[in-house]
Amino acid sequence: MRKFSFGKLLLSCLFICLASWVQAQSLQKIKGRITDSTGAPIAGASIQLKGKSKTVSSAQDGSFSINAPLQGVLRITAIGFTPKEISIVSNTELSITLLVNDRSMDEVVVTALGVKREKRNLTFSSQEIKAADIVKAQEPNLLNTMSGKVAGVQIASTSGAPGASSSIIIRGMTSITGDNQALIVLDGVPINNDETDGGGDGGAGNNRLADIDPAIVENINVLKGAAATALYGSAGARGVVLITTKSGSRSSKPVFTLSSSVSEETPNYAPRQYKYSLGTGGLYATGTGSGVMSTSWGALMDTLYINGVKAHVIKPDREFFQTGVTNNNTISVSGGNPLSSYFISYSYYDQKGTTPYTSNDRHSLFTKFYNQITPKLSVTSELTYSNNLDHLQNQGYGTTNPIMQVYPAPVSYDMKDYLNPDGTQRMYRNSRDNPYWLLHNVGNVSKVNRFLPVVNVVYTPLSWLSLTERIGADIYFDRFNGHVNTGSVAYSTGKLWSNTENFAQYNHDFIAQARKQFGKYNVSFLVGNNILAQHSGYTNAIGTGLARSGYYNMASSSATTYTESDYDKRKIGFYSQAEIDYQRFLVFSLSGRYDGSSVLKKEWYPYGSAAMGFIFSELLDGGIRNIMSFGKARISYAVVGNDNVDAYRNQTAYVQSTTGNLVWPYNGQNGFLLNSEEGNPNLKNELQKEFEVGLETKFFNNRIGLEASYYQRRTSNGLVDGASLAASTGYSSTTLNSAKINTNGLEVLLSGTPIRTKDISWDIVVNYSIFSNVVKEVAPGLDATEIGETYALKGKPYGMFYGNKYARDAKGNILVSSSGLPDIATDNGYLGTITPNWTGGITNEFHYKQFSFSFLIDTKQGGEMNNTDERYDMYYGSSKFTANRNPIVVKGVVDDGSGKANTTPVAAQTYYQTISNVLEAYMQKTSYVKLRNLSFSYAMNKAELSKMPFKEAIFTVTGRNLWIHHDAGFTGSDPESTNSYGVAQGNTGLYAYAPPTSKSIGVSVKLTF
Amino acid sequence: MRKLSIAFCLFLAAASLPGCKKFLDVNHDPNNLTDASEDLILSPVEETITAQIDGGTGSICINYWMQNMANNQPTPSDVSYVVTNQYFDDSWGWTYTTVLNNLHTMNAEALSNGNPGYAAIAKILTAYSLGYATDVWGDVPYTQAFQGTNKLTPVYDPQESIYKTIQSLLDSAITEASAGTGKAPGSDDFFYAGDMAKWTKLAYSLKARYYMHLTKAPGYDATAQSNLALQALANGMTTYADDCSFAYAGSTTSSAKWYWNFYNQTTATLCSTYVDSLKSRNDPRIAQICNTAANTGLYTGITIGTTGNLFDFSTGGLFYCNTNSNGYVFSADEALFLKAEATFRVSGASAASPIYRTAITNNFLKLGIDTNSTAAQAYLTARGALTDANALQRIIEEKTTANWFSNENWVDWRRTGYPKLTVLPSSVGAAVSEIPRRFLYPQNELTSNPQSIQNAKITDRVWWDAQ
């Protein structure tokens, strides 16, 4: 037998092993380039040797280079794209195309500071609105495009005037008197959304977000809780609306888009009586000579003959308002190549209001250029320019507001003939101007020029490190002129207002961000610095005594007073955030920020947040995965410091004296008195602590989605700017630092696609939000403070109404006197709150081949307001309730202690004129259900388009505000407009003579070349 | 490389921190004064007293209730005693935050700067304004007031101690007014142009007024108070040249407050009670203190509870209600009638009669009435002499006419029952069954400084208004 050489076998095995090992260890440099389906390069994609921990990232031009063995698999992943695995091929430059994954789970959203994160990794609540939905809303004010769509967000427009301001409150009120509006951020730069230019004699103005053209918006992401906004610091504590504008696409021929729309608006008339004439005690009054009077308690029009002729009913409101018309035209071009792209858009929007001589015109120009200067350096520069021209009437309870003269006007007198032969005003009553005279002799104009430049420089020196420098500014010039001509009852010699505002805000962010994969951990870390400087300068001139009727330049006035003021507010912040993603199913996020603010005494304050997300669906096996395709639970706790107080509140200054009848300096003598607002030299930041848990799930391959968030927010050391003090302290207000407000809430978003076939699809989204917003404390020793129209009362919901009410017995029955009139309680009391119970909305979209149909219904339930229109309508006899003039037996018990039911009738006029002094009688509920938007559209198909020069043509018919269901007791135009004097906290809850909102129907066409 | 980048960033941050502090140091108000000298404060305080204490919402309410004024609106309303706590926020606010708080500061400033003239004026005006507050609201805060957030809930001092405070303020003022040192007021003093002798006369006259308020106060004796008053009046005002008033230029930006109170937008008019009493007495001053109705040319007041065409009714006359009328704060008329009343109480009607007659003629002269005219002489014959039976009634009635629309008229009515007024009937919507005797406490205090006494009703009586 031959000897078997075991050693030789071993040696050859070893050799073979060695050979293969050597071969395995012999690495080659694999190069490649990653692009998307349009050919545009994908930067920051992650290329990993499958099974190993080594990863590299692709550069700005999509290229990468990795040391890999001769055989193996590369796994390529990128945010927003479906992961791809390819086998390694030696000596070849790999060309890899990734497909966009637009099925939500791997969706990318823009979060705080412009940082893009995958939606699946978010550890807080946010909701996105896409460009298509923004356009569908057909609303000129960007805030109104979000109405009814976002859970937990309340948007209310102040009136139906063109360009009227809207307020946006996210998750309830966190400040008693300060700003509760959300922060607006445009492409990473915070922008101003102040309300400016109310009428000279009152009324809400525009909020400056109205300068932004909705056509340039790619999407809006609403960040709701403190965890989402912690990186924004103070300003973001009230929620952030992140607006991302459109960009050009990098690899396409220029695409031209032309869209045009026109719509008609008809006012939502408030109901009133048209049955009874001018007069009192049931007798007709002529409105001239001795028949001059203010009330409509006269005769029944049906049976009334005046000088032998049958009386003719005139409807003062219907004759006064006109049909409004809105036009909106946009042209834009976008395109680019792999190294640069551009997007340019110009819009002209003009709206004629339903009140005559009111209008709003806006020119908007937007340009955005992206350039890749070197493979590692890119620059985006954009400029928004907006020119906004607004013509408006005075609003609110004031005698120069024409609407205030129209609503209570009689139906037996024609006011359109407003001049007597001698040139004086012709009016049915004394002490008020004729509304038609007001239209021709009173007006306000505001012109705003606004510039919003943003320059964004991104430098990636290493594949895992990117440095961003972003500089943005918000600069606007606002000029306002108002006039009242001579001959007004309010200002017999006329009055002029001339105001200017210069506003400039500069924002700089420097962010260094590192992203690296360590085995199963994907780590992202950023650190940054922010500087924000704000300056506003105002001049105000008031002139009285015009030299000649109709001459409205300030030179015309015989006495001019001029004031000017400047305000500076600055902030610096240092921030950092770390996010660790383990195997794509566990996410942990930490952030911290250190802020300095110029308006506080203790200038510097730190805060931060910690959050976790657990995508438990990754751990489920196949069977359950078919039902629940995605499931995530998240929990977060955040503390945000806030400096929500105006500049200069730290001192009590002497202010130039102003009294109504005397202007200082007088007779060469100047006058200064202590500011009635006491300064607080010890201001420190308020703190908001928020705990949030949330669940996000998708079922049946994303056909059904359910998101829910529950949050608890605690504001402490709350800054109360203008907290009212007892006047005996010598001051009427001060800035307190002690308020506590608690908000607990639940937000639910349910989406579903009941039908999805090649030709038909049906999507529904339902949002629901319920919250409680309670003032826990105002200040030690101070249980209540006035907000304005309402009060903040310890232990009660935010915004309580206080005033007189009916006297009631222990069982709650109204006590009625022997005259049949209800008794008024001797003590005033708290009567209801402005805070609603819950809000919700349903959006429905059907598509059938080229047709689509959608509608949005939203609702707000609960909450009340002071309907001042109704108060005076009851007194004057124009209220809808006064259509029934039979004697009234008040439902209640006699006040003699017997407990017997009241049977004594009282004359209608006496009854309504008495109760018009009782707040309880004209408080009304603001609940509503609105069909806010209804639209049909038709998109031409390929066959039809082939005959046309367009690539895309869509025709749409849209109806807005077509139907409002309100509480039976509500007698105004629209229960959404409960802040007729503007969006400031003090005005919330008052409904007073604002232009009515409108129903609107319009058509639009969009063409793409 | 990475370590270097991080280190560099931290270094940048550290180096820029001191720069950061300076960058944030911008919270200094460039728009207003951080402190104002006494002259800058005095002028606007004087005008506020004239317009808001002697012509503000409180005054209008008093004149409604005294049936001097009415308005062309149906009742029930404030004219028929329907008022709420909020209704009085305005008057209380002006009195405390604008007038008293600034006087408090001006007094402190004057004392520390060594300007006794300004300190004297501050005390006199404080006594005057505090007197208004306590006469309409009873117990009011003073000793703990004006401390801002250092005392959020000032206690309400009893009215008796407020009265003692008023007298001691006036005594201190009288001493300081004669000191003659320091900066003296001049054109900034719209009342007296810095004439400290006139200020002293005002102080003494005010002392007399506040002595006489206590004629029926518990524990006080009318005769003793009258004697104190006569002592003070020996140095008090004697003619209308001593009147304390504010002169309005009459331009669109400087018109008298009483012009605005009757401006047609307010629909305010004179009350029939007032106009009819002037007509029934053939008062020669009627043309100066009443306007004829624009439509009829007659003197007509509104009967409360009825309405008509606004221009069928009379408004306040051109002497007091023109754009350039003076706003009267304290008139010599009052000092003269106080003297008449005090003399009557001490020495009887015959001693008081000539003083009373002089008081009436002083008012005629002030209004530009020729005392030798037939109308004036007839009036003096009919009403110019006192008997023991009618003395108090006549004195107060004439005082009320001369002390035109003053808040003091309500004090006199509460104190003496004159002029005789009939409470409005419930058929015109009267909220209570007797004419009110005090204001409600303001809502602002009820909310931010709750005290148990704040549930006082308008029919309750202040301390000196004993039954």
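Everything numeric in this text was worked out from a predicted model, so none of it was measured. Numbered from 1 within each chain, the chains take letters A, B, ... in sequence-line order.
In this structure a side-chain-to-backbone donor-acceptor pair under 3.5 Å is present from B:N102 to A:L674. A distance-only check finds a donor-acceptor pair linking the side chain of B:N31 to the backbone of A:D566 [under 3.5 Å]. Judged by distance alone, with hydrogens and angles left aside, the side-chain atoms of B:N27 form no donor-acceptor pair with the main-chain N or O of A:A647 at under 3.5 Å. A donor-acceptor pair under 3.5 Å is absent between the side-chain atoms of B:Q147 and the main chain of A:T729, judged by distance alone.
Rounding to the nearest 0.5 Å places CG of B:D29 at 11.0 Å from CG of A:D568. Separation of atoms CZ (A:R570) and CG (B:L24) is listed at 8.0 Å; rounding is to 0.5 Å. Atom-to-atom distance recorded for B:T153:OG1 and A:L782:CG is 9.0 Å, nearest 0.5 angstrom. To the nearest 0.5 angstrom, A:Y802 atom OH is 6.0 Å from B:T447 atom OG1. Rounded to the nearest 0.5 Å, atoms CG (A:L673) and OG1 (B:T105) are 10.0 Å apart. For the atom pair OG (A:S290) and CG (B:D312), the distance works out to 7.5 Å, reported to the nearest 0.5 Å.
A:N828 and B:Q86 share a donor-acceptor pair across their side chains, judged by distance under 3.5 Å alone. In this model, a donor atom of one side chain and an acceptor atom of the other lie less than 3.5 Å apart for B:E445 and A:S728. If you check the side chains of A:N430 and B:N309, you find a donor sitting under 3.5 Å from an acceptor.
Only the side chain of A:T493 has a heavy atom closer than 4.5 Å to any heavy atom of chain B. Only the backbone of A:K571 comes within less than 4.5 Å of a heavy atom of chain B; no side-chain atom from C-beta onward does. Interface remark: A:A490 contributes backbone and side-chain atoms alike to the contact with chain B (heavy atom separation under 4.5 Å). For A:P665, no part lies near chain B; criterion is any non-hydrogen pair under 4.5 Å. With a 4.5 angstrom heavy-atom cutoff, A:S818 does not touch chain B via any of its atoms. Proximity to chain B (any heavy atom under 4.5 Å) is restricted, for A:N804, to the side chain, taken from C-beta onward. Heavy-atom distances place the side chain of B:Y263, and not its backbone, under 4.5 Å from chain A. For A:E786, no part lies under 4.5 angstrom from a heavy atom of chain B. Both the backbone and the side chain of A:S492 have a heavy atom closer than 4.5 Å to some heavy atom of chain B. Of the atoms belonging to A:N680, not a single heavy atom falls under 4.5 Å from chain B. Heavy atoms of A:T734 lying under 4.5 Å from chain B belong exclusively to its side chain. If you measure heavy-atom distances from A:L821 to chain B, you find no contacts under 4.5 Å at all.
Between chain A and the residues B:A36, B:P450, B:P141, the largest count of heavy-atom pairs under 4.5 Å involves B:A36. Looking only at heavy-atom pairs under 4.5 Å with chain A, the residue among B:L100, B:T149, B:N295, B:L446 that has the most is B:T149. Chosen from B:F246, B:Y142, B:Y156, the residue pairing most often with chain A at heavy-atom distances under 4.5 Å is B:F246. Here B:G148 is the residue among B:G148, B:S255, B:G93 with the most heavy-atom pairs under 4.5 Å with chain A. The choice from B:S251, B:A249, B:S427 that makes the most heavy-atom pairs within less than 4.5 Å of chain A is B:A249.
Looking at B:P44 and A:W664, their side chains come closer than 4.5 Å, going by heavy atoms from C-beta outward. At least one side-chain heavy atom of B:D39 sits less than 4.5 Å from a side-chain heavy atom of A:Q669. Using a 4.5 Å cut-off on side-chain heavy atoms (C-beta onward), A:L662 and B:T253 make no contact. Side-chain contact between B:F190 and A:N667 is present, with heavy atoms from C-beta onward closer than 4.5 Å. A 4.5 Å side-chain heavy-atom check between A:I531 and B:F23 finds at least one atom pair inside the cut-off. Taking the side chain as every heavy atom from C-beta outward, A:M293 and B:T307 never approach each other to under 4.5 Å.
Scanning both residues, B:T97 and A:S732, for their nearest heavy atoms gives CG2-N, 3.7 Å. Of all the heavy atoms in B:N32 and A:Y654, the pair that sits closest is CB-O, 3.3 Å. When all heavy atoms of A:A726 and B:L152 are compared, the pair lying nearest together is CB-O, 4.3 Å. In plain terms, the two heavy atoms of A:A727 and B:N444 that are nearest each other are N-OD1, 2.8 Å. In plain terms, the two heavy atoms of B:S448 and A:A784 that are nearest each other are OG-O, 3.9 Å.
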task = Given ring-ring contact (aromatic ring centres under 6.0 Å, His included), test A:Y666 with B:Y248 step by step and report yes or no.
result = CA-CA 9 Å; A:Y666 173 65; B:Y248 288 98; 7.0 Å; no

